Asks: 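Attaching a single structure in C-alpha cells format; questions to follow.
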Amino acid sequence: MKNLGLLGLLLLSIGFQSCKNKEAEKTDENKAIEATKIVSTECYKALYEEDTLDLQINTLEDGQIKGTMEMNIVNMPKKSGEIIGKFSGDTLYASYTFIQGDNKKITYKNPMAFLKRGTELILGNGQIATSMGASYFVKGTKIDYDNVKYKFTATNCVDSTTTK
C-alpha cells in the first residue's frame with residue numbers, strides 16, 4: 001500500500017513538472033513572436049546603367065533587420081531573396097540568401113555591408129572568402145563605400161498586392 005502511495009505521488013509530480021515545461025515553452029514562443037514584430041519598414045532603389053536593385057528592410061523590435069532584395073542586372077539571371085542582419089553604428093551587416101532566375105533548387109548566400117549616409121544606403125565592396133561553403137568578409141580588410149556601383153535612395157514602399 002505504501003508503494004502505491006509513492007507511485008501516485010511520483011506520477012503527480014511528473015505531471016506538474018510537465019505543465020511547468022509547457023508554460024516555459026509558451027513564454028519562449030511569445031518572446032520570439034514579440035521579437036519579430038516590425039517596428040519600421042523602409043524601401044530603397046539603386047540604379048546603375050541598366051541595372052536595378054530593389055531593397056525593402058524591416059526593422060524588428062529586437063533591432064534585427066529582415067527584408068527582401070531583387071537584383072536585375074543586365075545579362076544575368078534575376079536574383080531575389082532575403083536580407084537578414086543588424087546595424088552596427090551606421091553600417092548594416094547582412095546576409096543575402098537568394099535564388100537566381102527560376103531555379104528554386106539552388107540557393108546562394110553572400111555577405112553584404114551597407115553604409116547609411118543620410119537617406120542613402122551604399123552597398124560596399126569588400127574582399128570575400130569562402131570556407132566550408134560559407135562566404136564572409138575577410139577580417140582585416142576594408143570595405144570600400146566610395147568606389148561603388150550601387151547607391152540606394154529611399155523610395156516609397158509599394159504594396160505587392162496592388163496591381164500596376
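In this text the structure is predicted, and so the values were computed from the model without any measurement. Reckoned from all heavy atoms, side chains included, excluding hydrogens, waters and symmetry mates.
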Asks: Is there a path of hydrophobic side-chain contacts, each under 4.5 Å between heavy atoms of I/L/V/M/F/W/Y residues, joining Leu53 to Met76?
Replies: yes
Asks: Just wondering, are more than 12 heavy atoms of other shown residues or ligands nearer than 6.0 Å to CG in Asp102?
Replies: no
Asks: Identify the two heavy atoms, one from Gly85 and one from Gln64, that lie closest to each other, and give their separation to 0.1 Å.
Replies: O-OE1, 3.4 Å
Asks: Could you list the donor-acceptor pairs under 3.5 angstrom formed between side-chain atoms of residues 121-134 and any protein atom two or more places apart in sequence or on another chain?
Replies:
unit_1 : atom_1 : unit_2 : atom_2 : d
Asn125 : ND2    : Asn147 : O      : 3.1
Thr130 : OG1    : Ser135 : OG     : 3.2

Asks: Can you measure from OG1 (Thr41) to NZ (Lys66) and round to the nearest 0.5 angstrom?
Replies: 13.5 Å
Asks: Considering residues at least two apart in sequence or located in another chain, which fulfil the ring pair (Phe, Tyr, Trp, His ring centres under 6.0 Å) criterion with Phe98?
Replies: Tyr96, Tyr108
Asks: Just verifying a value: how many Å separate Asn75 CG and Glu50 CD, rounded to the nearest 0.5 Å?
Replies: 8.5 Å
Asks: Is Lys116 atom NZ crowded by more than 12 heavy atoms from other residues, nucleotides or ligands, each under 6.0 Å away?
Replies: yes
Asks: In Å and rounded to the nearest 0.5 Å, what is the NZ to CG distance from Lys78 to Asn72?
Replies: 5.5 Å
Asks: Would you call Ile83 and Met112 a side-chain contact if the rule is heavy atoms closer than 4.5 Å?
Replies: yes
Asks: Looking at every heavy atom in both Thr119 and Tyr44, which two are closest together, and how far apart are they?
Replies: O-CE2, 3.4 Å
Asks: Counting C-beta onward and ignoring hydrogens, is there a side-chain heavy-atom pair between Val148 and Tyr48 closer than 4.5 Å?
Replies: no
Asks: Flag the pair Arg117 and Asp146 as a salt bridge only when some basic side-chain nitrogen lies within less than 4.0 angstrom of an acidic carboxylate oxygen.
Replies: yes
Asks: Looking at side-chain heavy atoms only, is the closest gap between Ile143 and Tyr93 below 4.5 Å?
Replies: yes
Asks: Calculate, to the nearest 0.5 Å, the distance between atoms CG and NZ belonging to Asp62 and Lys86 respectively.
Replies: 6.0 Å
Asks: Identify all side-chain donor-acceptor contacts of residues 150-158 below 3.5 Å with residues at least two apart in sequence or on another chain.
Replies:
unit_1 : atom_1 : unit_2 : atom_2 : d
Tyr150 : OH     : Asp51  : OD2    : 2.7
Thr153 : OG1    : Lys45  : O      : 3.4

Asks: Report yes if some heavy atom in the side chain of Glu70 is under 4.5 Å from a heavy atom in the side chain of Thr68; otherwise report no.
Replies: no
Asks: Going hydrophobic residue to hydrophobic residue with side-chain gaps under 4.5 angstrom, can you get from Met69 over to Val74?
Replies: no
Asks: Give a yes or no on whether Leu115 and Ile65 share a hydrophobic cluster (residues Ile, Leu, Val, Met, Phe, Trp, Tyr; joining criterion: side-chain heavy atoms under 4.5 Å apart).
Replies: no
Asks: Measure across Gln56 and Cys43 and return the closest heavy-atom pair with its distance rounded to 0.1 Å.
Replies: CG-SG, 3.8 Å
Asks: Going hydrophobic residue to hydrophobic residue with side-chain gaps under 4.5 angstrom, can you get from Ile84 over to Val39?
Replies: no
Asks: With a 4.5 Å limit on heavy-atom distance, are the side chains of Ile57 and Phe114 in contact?
Replies: no
Asks: For Ile99 and Asn103, which heavy atoms make the closest approach, and how far apart are they?
Replies: CB-O, 3.7 Å
Asks: Report the distance from atom OG1 of Thr107 to atom CD of Gln100, rounding to the nearest 0.5 Å.
Replies: 11.0 Å
